[in-house]
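The structure appears right after this line, and notes come after that.
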Amino acid sequence: MIKHGPVDVIVLALGEPRFDGSILTELERQAASGTIRVLDAMVLFKEADGECWRLDLEDLPPDQQAAVGFIETGTRGLFDSEDADTLYEGMVPDSAVIALAIEHAWAVALVNAIMDAGVEVALNFRVPALIVDEAFALLAEEQ
């Protein structure tokens, strides 16, 4: 039996950072429903002059820490300075990046049921959401 689902690392690039809270709200909603677990998050900034800095979640004021309380404290730190340096290299000046490690908690029960049935997963791959949307749009046009 497995204890953890697969993990995706998602890097969000913000050319002009506008944090309106909608991303946090949806992450919290998905985590509360048990669909995902947010294991870690890293927020990076690159100033216009090229200076780079990282916002550490533990350094946030208490009210802002509460807003990211759905990010489990026991798994924070998966992203390290080497990860940050790699991302800084690809950033343009005056931008921000948010890296998220998201576990697909929903998969645990399904994979366990598959394994209990004596079945092996022969192939597993991810099709990006934009490609899925395009495929469904093409199907709709053909009908």
Side-chain angles (χ1 to χ4, degrees), residues 1-140:
M1 304 225 18
I2 66 165
K3 294 181 183 179
H4 300 284
V7 174
D8 280 339
V9 173
I10 302 168
V11 177
L12 309 172
L14 297 88
E16 294 181 23
R18 290 184 317 263
F19 298 106
D20 65 1
S22 60
I23 295 170
L24 287 176
T25 299
E26 187 57 25
L27 287 169
E28 183 175 28
R29 187 180 76 76
Q30 295 288 329
S33 73
T35 303
I36 64 170
R37 282 180 56 213
V38 181
L39 303 174
D40 199 7
M42 179 171 62
V43 183
L44 305 175
F45 296 91
K46 190 173 209 177
E47 302 291 343
D49 63 4
E51 181 181 342
C52 298
W53 58 281
R54 178 177 175 173
L55 175 66
D56 288 318
L57 299 179
E58 286 74 25
D59 295 338
L60 291 172
D63 62 323
Q64 291 178 359
Q65 278 191 17
V68 294
F70 60 89
I71 302 173
E72 300 194 15
T73 56
T75 56
R76 289 183 188 175
L78 293 173
F79 293 120
D80 59 19
S81 59
E82 191 174 307
D83 297 320
D85 290 342
T86 299
L87 291 173
Y88 286 140
E89 288 178 22
M91 292 176 67
V92 298
D94 229 6
S95 67
V97 162
I98 301 170
L100 299 165
I102 298 175
E103 177 185 6
H104 295 276
W106 61 267
V108 174
L110 176 60
V111 170
N112 285 332
I114 290 168
M115 291 171 60
D116 288 346
V119 177
E120 286 184 35
V121 176
L123 178 64
N124 179 27
F125 65 92
R126 176 167 299 251
V127 178
L130 292 175
I131 304 278
V132 173
D133 284 347
E134 289 173 7
F136 276 107
L138 286 172
L139 282 174

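Just the heavy atoms: all of them, side chains too, but no hydrogens, waters or symmetry mates, feed the values below. Positions are given from 1, in the same order as the sequence printed here. Only a predicted model underlies this, so the values are computations on that prediction, with no experimental measurement involved.
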| request: With sequence neighbours left out, write down each residue that passes side chain to side chain donor-acceptor pair (under 3.5 Å) with Glu28, or none if nothing qualifies. | output: none

| query | Can you name the closest pair of heavy atoms from Leu57 and Ala41 and give their distance? | reply | CD1-O, 4.0 Å

| said: If I take atom CD from residue Glu120 and atom CE from residue Met115, how far apart are they, to the nearest 0.5 angstrom? | reply: 9.5 Å

| task | Take Thr75 and Glu103, measure what side-chain contact (heavy atoms from CB on, under 4.5 Å) needs, and give me the verdict at the end. | result | CA-CA 11 Å; Thr75 56; Glu103 177 185 6; over 6 Å; no

| message | What verdict does the side-chain contact (heavy atoms from CB on, under 4.5 Å) test give for Ile36 and Leu27, after you've listed the backbone C-alpha separation in whole Å, the side-chain angles of each residue and the deciding distance to 0.1 Å? | response | CA-CA 8 Å; Ile36 64 170; Leu27 287 169; 4.0 Å; yes

| query | Roughly how far, to the nearest 0.5 Å, is CE of Met42 from CZ of Arg76? | reply | 14.5 Å

| query | Asp8 and Arg126: side-chain contact (heavy atoms from CB on, under 4.5 Å), yes or no, with the steps? | reply | CA-CA 10 Å; Asp8 280 339; Arg126 176 167 299 251; 2.9 Å; yes

| field | Pair listing, ring-ring contact (aromatic ring centres under 6.0 Å, His included) test, anchored in residues 52-81, at least two apart | value | Phe45-Trp53

| Any idea which heavy atoms bring Ala107 and Pro6 closest together, and the distance? | CB-CD, 3.6 Å

| query | Take atom CG in Leu60; do more than 12 heavy atoms of anything else shown fall under 6.0 Å from it? | reply | yes

| Result of checking Thr35, Leu39, Asp40, Ile10 against Ile102 for side chain to side chain contact (heavy atoms under 4.5 Å, CB included) | Ile10

| query | Under 3.5 Å, is there a donor-acceptor pair between the side chain of Asp80 and the main chain of Glu82? | reply | yes

| message | Exactly one of Asp83, Leu100, Ile98, Val97 should register a side chain to side chain contact (heavy atoms under 4.5 Å, CB included) with Val11. Which one does? | response | Val97

| Where do Leu87 and Ala99 come nearest, in terms of heavy atoms and distance? | CD1-CB, 4.1 Å

| query | Is there a donor-acceptor pair closer than 3.5 Å between any side-chain N or O of Asp49 and the backbone N or O of Glu51? | reply | yes

| task | To the nearest 0.5 Å, tell me how far Asp116 CG sits from Met1 CE. | result | 5.5 Å

